[in-house]
Amino acid sequence: MLKALDISTSALIAQRTRLNAVSGNIANMSSLTDETGKPNPYKAREVVFQTDDSLSISGAAGVKVSKIQTGDAEPLYKYQPNHPLAIKDGKHAGYVAYPNIDLTTQMVDALESTRAYEANVGVMEITKNLSRETLTILA
């Protein structure tokens, strides 16, 4: 039964990482510069999950974060020639590059992650109750 708790714990960790990435994406929806202050709109992060066979038991397996990848979507260009970060020359002269992050998609990802987290907490609760009842029978 402890393996079942390990599997659910791996899911909790993975979903927490996903929710952190989503909250970071939402927080940086208006970030136009990078850490050094150069014009570089924020790019959304996506968490990729992978089956964790080290936690497998009776056909069930855990989950782990395989990687956190940066999205490759083109920035959204808004024409704002008086903005201090407006592009000075080239094809997008007078435009400002904004992060291409869809709030609706981020909210759906956050909701899905939250529901998966709650489901795994429920599994942990059931496993705990089952273990307690088993010990009661054996005692």
Rounded to the nearest 0.5 Å, what's the gap from OH on Tyr117 to OG on Ser8? Could you check? 11.0 Å

Can you name the nearest heavy-atom pair linking Gln80 to Ala86, along with the distance? O-CB, 3.4 Å

Taking atom CG of Asn129 as the centre, does the number of heavy atoms from other residues, nucleotides or ligands within less than 6.0 Å exceed 12? yes

Side chains of Thr51 and Val63: closer than 4.5 Å at any heavy-atom pair? no

Identify every side-chain donor-acceptor pair in residues 105-116 under 3.5 Å, counting partners at least two apart or on other chains, and give the distances.
unit_1, atom_1, unit_2, atom_2, d
Thr105, OG1, Asp102, OD2, 2.6
Gln106, OE1, Asn25, ND2, 3.2
Glu112, OE2, Arg18, NH1, 3.4
Glu112, OE2, Arg18, NH2, 3.4
Ser113, OG, Gln15, O, 3.0
Ser113, OG, Gln15, OE1, 3.0
Thr114, OG1, Ala110, O, 2.7
Arg115, NH1, Glu118, OE1, 3.3

Give the cluster check for Tyr79 versus Ile87: same hydrophobic cluster or not, with ILVMFWY residues linked at side-chain heavy-atom distances below 4.5 Å. yes

Residue pair Leu32 / Val96, side-chain heavy-atom distance below 4.5 Å: yes

Under 6.0 Å from the six-membered ring centre of Tyr98 and within 45° of its axis: does the NZ or CZ of Lys78 meet both? yes

Please report the interatomic distance OG(Ser31) to CG(Asn40), rounded to the nearest 0.5 Å. 10.5 Å

Angle class for the Tyr77/His92 ring planes (parallel below 30°, perpendicular above 60°, tilted otherwise)? parallel

Could you check if a side-chain atom of Met124 sits within less than 4.5 angstrom of a side-chain atom of Leu12, using non-hydrogen atoms only? yes

Ile101 vs Tyr42, test: side-chain contact (heavy atoms from CB on, under 4.5 Å). Steps then yes/no. CA-CA 9 Å; Ile101 298 173; Tyr42 179 83; 3.5 Å; yes

Looking at Leu76 and Pro99, what are the two nearest heavy atoms and their distance? CD1-O, 3.9 Å

Assess whether atom NZ of Lys88 is packed by more than 12 heavy atoms of other residues, nucleotides or ligands within 6.0 Å. yes

Using atom types as modelled and distance alone, determine if a side-chain donor or acceptor of Asp34 lies under 3.5 Å from a backbone N or O of Gly37. yes

Tell me if a side-chain donor or acceptor on Ser23 pairs with a main-chain N or O of Asn20 at a distance below 3.5 Å. yes

With side chains defined as the heavy atoms from C-beta onward, is the minimum distance between Asn100 and Pro75 less than 4.5 Å? no

Report the distance from atom CD of Gln69 to atom CD of Glu46, rounding to the nearest 0.5 Å. 5.5 Å

Can Glu125 and Val121 be said to form a side-chain contact (heavy atoms from CB on, under 4.5 Å), step by step? CA-CA 6 Å; Glu125 187 69 28; Val121 169; 5.6 Å; no

Minimum heavy-atom distance Ala61-Ile7, with the two atoms named: O-CG2, 3.7 Å

Any chance you could lay out the side-chain contact (heavy atoms from CB on, under 4.5 Å) test for Ile68 and Val48, step after step, and finish with the verdict? CA-CA 6 Å; Ile68 299 174; Val48 178; over 6 Å; no

Rounded to the nearest 0.5 Å, what separation is found between the CD1 atom of Ile126 and the OG atom of Ser131? 11.5 Å

How long is the straight-line distance from NZ of Lys64 back to CG of Asp53, given to the nearest 0.5 Å? 8.0 Å

Connected via hydrophobic side-chain network under 4.5 Å: Leu85 and Tyr95: no

Roughly how far, to the nearest 0.5 Å, is NZ of Lys43 from CD of Glu74? 7.5 Å

